[in-house]
Amino acid sequence: MRIPARFAPILFSALLSSVMVCIVSGFVLITSQGIHPGLPAQWLKSCLTTWPVAFPTVAIVAPWVRRIVGRITA
């Protein structure tokens with residue numbers, strides 16, 4: 001199954017923000033609380049509560065950052 005190319009920016013934002021949220025929330029939880037039995041549940045909750053903020057942020061900011069990088073590197 002292929003997704004139409006017109007959805008590429010939204011898919012990019014969804015995937016990038018998902019990966020970013022998982023890595024950063026895991027890092028913050030482990031460095032602040034250490035590894036403990038409740039960590040997986042806490043990590044999942046953290047990911048699910050922060051992703052709705054990260055997704056629109058990436059969707060809005062990514063095009064702006066691409067333009068800035070294009071100007072700097074052109």
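To the nearest 0.5 Å, atoms CD (Q42) and OG (S25) are separated by 10.0 Å. Remark: H36 NE2 to I30 CD1 distance equals 9.0 Å, nearest 0.5 Å. Note: L11 CG to L16 CG = 11.0 Å, rounded to the nearest 0.5 Å. L44 contributes atom CG, which lies 9.5 Å from atom OG1 of T49 (distance to the nearest 0.5 angstrom). Atom-to-atom distance recorded for L15:CG and F55:CZ is 9.5 Å, nearest 0.5 angstrom.
Pairing each heavy atom of V21 with each of W51, the nearest pair is CG2-CA, 4.0 Å.
In the hydrophobic cluster analysis, where Ile, Leu, Val, Met, Phe, Trp and Tyr join through side-chain heavy atoms closer than 4.5 angstrom, V24 is grouped together with F12. V65 and I72 fall within a single hydrophobic cluster, where Ile, Leu, Val, Met, Phe, Trp and Tyr side chains are chained together by heavy-atom contacts under 4.5 Å. Under the 4.5 Å side-chain heavy-atom criterion for ILVMFWY residues, a single connected hydrophobic cluster contains both L29 and I35.
For the side chain to side chain contact (heavy atoms under 4.5 Å, CB included) test with S13, the passing option among V58, T57, V61 is V58; the others fail.
Distance alone, capped at 3.5 Å, is enough to place a donor-acceptor pair between the S18 side chain and the A14 backbone.
At a threshold of 4.5 Å between non-hydrogen side-chain atoms, the residues W43 and V28 do not count as touching.
Other residues, nucleotides and ligands contribute only 12 or fewer heavy atoms inside 6.0 Å of the CD1 atom of I3.
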